[in-house]
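The block underneath contains the structure these notes are about, expressed in structure tokens.
Note that the structure is a prediction, hence the values are computed from the model and not measured. These values consider heavy atoms only, across backbone and side chains, with no hydrogens, waters or symmetry-generated copies. Naming convention: chains lettered A, B, ... in sequence-line order (proteins, then strands); numbering from 1 in each chain.
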There are 2 protein chains.
Amino acid sequence: MSRLHAHKFSVNLNRTMQPAPSPFPTQEEKRAAREAKRAAVLRAAVQMFNERGFHMTSLDDVAARLGISKPTIYHYLGNKDQVLLECVSIGLGQLIEAAEQSRAREGTGADRLIAFLIRYGEVNMDDFGRCVIRTGDEALAPESRERFRALKRQIDTDLRGLIEAAVADGSIAPCDIKLTAFTLAGALNWPARWHEPQGALPGEVIARHLVDILAQGFLPR
Amino acid sequence: MSRLHAHKFSVNLNRTMQPAPSPFPTQEEKRAAREAKRAAVLRAAVQMFNERGFHMTSLDDVAARLGISKPTIYHYLGNKDQVLLECVSIGLGQLIEAAEQSRAREGTGADRLIAFLIRYGEVNMDDFGRCVIRTGDEALAPESRERFRALKRQIDTDLRGLIEAAVADGSIAPCDIKLTAFTLAGALNWPARWHEPQGALPGEVIARHLVDILAQGFLPR
DNA sequence: ATAATTTTTTACGCATGAGTAGATTGCATG
DNA sequence: CATGCAATCTACTCATGCGTAAAAAATTAT
């Protein structure tokens with residue numbers, strides 16, 4: 001009651017006076033509102049999963065942080081497994097998108113690879129990306145686990161493709177594609193474990209630096 | 001009963017005829033036998049934790065695999081938290097030992113660093129090392145968690161020390177010590193997630209290869 | 001043999017947390 | 001106005017799995 005009244009009230013007082021702020025939400029606005037709530041649940045869930053671990057976080061905990069009750073979560077998502085699957089799917093979606101954008105880029109194969117790696121590292125320091133890394137397959141139900149693995153395979157394939165292309169155009173050194181992919185991915189996954197969201201250096205800076213180390217190697221040139 | 005009889009019997013038939021195989025175990029033999037059982041529990045536990053995840057593995061499951069019952073585990077270890085702490089402590093112990101051995105080695109700083117990194121990667125593909133990587137701090141009770149973190153800090157310190165020394169003697173390129181340590185560790189931790197114990201390539205070969213990639217970097221030289 | 005000790009078992013208590021049933025409220029629509 | 005739908009809550013059920021009490025079996029010592 002009080003929340004909704006307060007909302008209407010603040011809209012009426014809004015100085016910006018946008019075109020006709022009708023108090024009657026349209027179909028689309030309602031859909032968006034619902035979607036926003038669903039997203040808020042996922043955001044709270046993923047943050048708590050990252051902080052305390054999936055198994056140490058009950059849906060009651062998540063609900064409490066949002067000031068709601070557990071059945072409300074079930075109103076937006078099927079069950080705990082689905083909550084987790086949704087979280088990792090979002091993270092993996094960001095990575096897949098990064099791969100697409102990198103492939104569409106100008107420059108050498110190395111340029112595209114490096115652009116992808118930086119973004120890859122960055123995503124892995126973000127809420128949903130971190131969850132992808134911190135979540136072991138075993139945590140998910142068999143069905144979801146298969147989906148999770150498929151998405152991860154997709155990323156791996158994308159990364160290998162970028163490496164192969166860069167080897168092919170001579171912009172990076174010839175190498176074992178598979179092991180190189182694992183090496184680069186591993187190094188850029190690990191910040192999900194040690195980097196804290198409010199850390200001194202922003203994720204992008206760290207990602208750039210790590211990629212530079214990976215590009216140059218630690219031996220003197 | 002049957003197990004112990006079989007054991008005595010085989011000892012008697014043993015062609016090597018060691019000095020006086022008395023059926024009465026000495027104090028030390030008893031201690032060793034107990035220790036062996038404790039170790040067997042930990043070995044079974046760590047393998048199951050790695051396969052199915054800590055939280056998906058009940059102590060009843062572990063007991064079942066050993067053909068014993070849960071209270072027997074409690075006779076050798078305090079509780080589930082302690083089982084896990086013991087497992088990761090063993091893994092981290094192996095890493096600390098590796099650091100000591102590497103430091104005692106001949107050659108340049110780079111030689112010592114590389115030797116350590118190879119062994120580090122190897123351990124992380126072994127039962128206990130894998131568990132170290134796959135276990136999030138949150139899984140442990142606060143007290144054990146602090147111990148776990150302290151040991152991990154120790155490894156990190158060791159690794160940074162090796163890097164600094166190698167930079168100091170000019171055998172590797174100048175670099176940001178902290179980020180380089182994280183990069184190398186991350187890349188060599190990751191096999192704990194993808195490498196399967198019975199994989200085609202043995203851990204040592206993979207570790208060597210990864211270290212080589214990290215040493216050279218992916219850009220052409 | 002018998003007593004003491006160690007090892008192992010059976011059979012529980014108990015807390016936690018996933019998931020659900022059903023009531024309640026508010027809004028929308030015929 | 002009544003009926004339906006959406007969102008939310010309270011108050012449960014129920015399975016799982018940690019940890020334990022207490023007895024039984026085996027082993028060692030007296």
Side-chain angles (χ1 to χ4, degrees), chain A residues 1-8 22-41 45 48-49 52-85 138-141 144, chain B residues 1-8 22-41 45 48-49 52-85 138-141 144:
Chain A
M1 164 200 108
S2 60
R3 253 176 305 194
L4 191 46
H5 274 179
H7 176 250
K8 283 181 182 174
S22 160
F24 300 100
T26 73
Q27 206 67 357
E28 186 48 35
E29 281 168 334
K30 275 174 61 176
R31 231 195 66 80
R34 187 185 165 86
E35 194 46 49
K37 291 190 191 175
R38 205 182 110 108
V41 169
M48 294 185 83
F49 292 165
R52 311 152 61 145
F54 176 70
H55 293 286
M56 314 299 284
T57 307
S58 75
L59 289 188
D60 278 308
D61 293 337
V62 177
R65 177 174 293 194
L66 289 165
I68 62 178
S69 69
K70 179 172 55 172
T72 300
I73 294 180
Y74 281 88
H75 187 250
Y76 291 101
L77 292 148
N79 54 33
K80 202 186 176 190
D81 180 69
Q82 211 172 106
V83 173
L84 180 56
L85 177 61
E138 330 84 42
L140 288 157
S144 312
Chain B
M1 168 199 104
S2 59
R3 254 176 303 190
L4 190 46
H5 276 177
H7 176 251
K8 282 179 183 175
S22 159
F24 300 100
T26 74
Q27 205 67 357
E28 186 48 36
E29 281 168 335
K30 275 175 61 178
R31 233 195 68 78
R34 189 186 164 85
E35 193 46 49
K37 290 190 189 174
R38 205 182 110 107
V41 169
M48 295 184 82
F49 292 164
R52 313 150 63 142
F54 176 70
H55 292 286
M56 314 299 283
T57 307
S58 75
L59 289 188
D60 278 307
D61 293 337
V62 176
R65 176 173 294 194
L66 289 164
I68 62 178
S69 70
K70 177 173 56 171
T72 300
I73 294 180
Y74 280 88
H75 188 250
Y76 292 100
L77 292 149
N79 54 34
K80 200 186 179 190
D81 180 67
Q82 211 172 106
V83 173
L84 180 56
L85 177 60
E138 330 84 40
L140 288 156
S144 313

Working to the nearest 0.5 Å, report the span between OH of Y74(B) and CD of Q82(B).
-> 10.5 Å
Rounded to whole Å, CZ of F54(B) lies from C1' of dC18(D) at a distance of 10 Å
Only counting residues at least two apart or in another chain, list the ones meeting ring-ring contact (aromatic ring centres under 6.0 Å, His included) with H55(A).
-> H55(B)
Under the salt bridge (charged side-chain N to carboxylate O under 4.0 Å, His left out) rule, what pairs show up with a residue in residues 65-80 of chain B, not counting sequence neighbours?
-> E51(B)-R65(B), D60(B)-K70(B)
In whole angstrom, what separates R52(A)'s CZ from dT16(C)'s P?
-> 13 Å
Sorted by chain and number, sequence neighbours left out, side-chain contact (heavy atoms from CB on, under 4.5 Å) with D61(A) holds for M48(A), R52(A), T57(A), S58(A)
Taken in chain and number order and not counting sequence neighbours, the residues that satisfy side chain to side chain donor-acceptor pair (under 3.5 Å) with S144(A) are D81(A)
First of G78(A) and M56(A) reached from the 5' end of DNA chain C, by closest nucleotide | M56(A)
Provide, to the nearest angstrom, the distance between the CG atom belonging to L66(A) and the P atom belonging to dT8(D).
-> 11 Å
When the distance from CD of Q82(A) to C1' of dA18(C) is rounded to whole Å, what number comes out?
-> 14 Å
Under the salt bridge (charged side-chain N to carboxylate O under 4.0 Å, His left out) rule, collect the residues that match up with R34(A), sequence neighbours excluded.
-> none
Once base and sugar-phosphate atoms are separated, protein heavy atoms under 4.0 Å mark nucleotides 6-11 of chain C, 5' to 3', with B, S and - as -BBBB-
Provide, to the nearest angstrom, the distance between the NE2 atom belonging to H55(B) and the C1' atom belonging to dA18(C).
-> 16 Å
Atom pair distance, as rounded to whole Å: CG in D60(B) and P in dA15(D) = 17 Å
Spacing of I73(A) atom CD1 relative to dG19(C) atom C1', expressed in whole Å = 12 Å
Between NZ of K80(A) and P of dG17(C) the distance, given in whole Å, is 8 Å
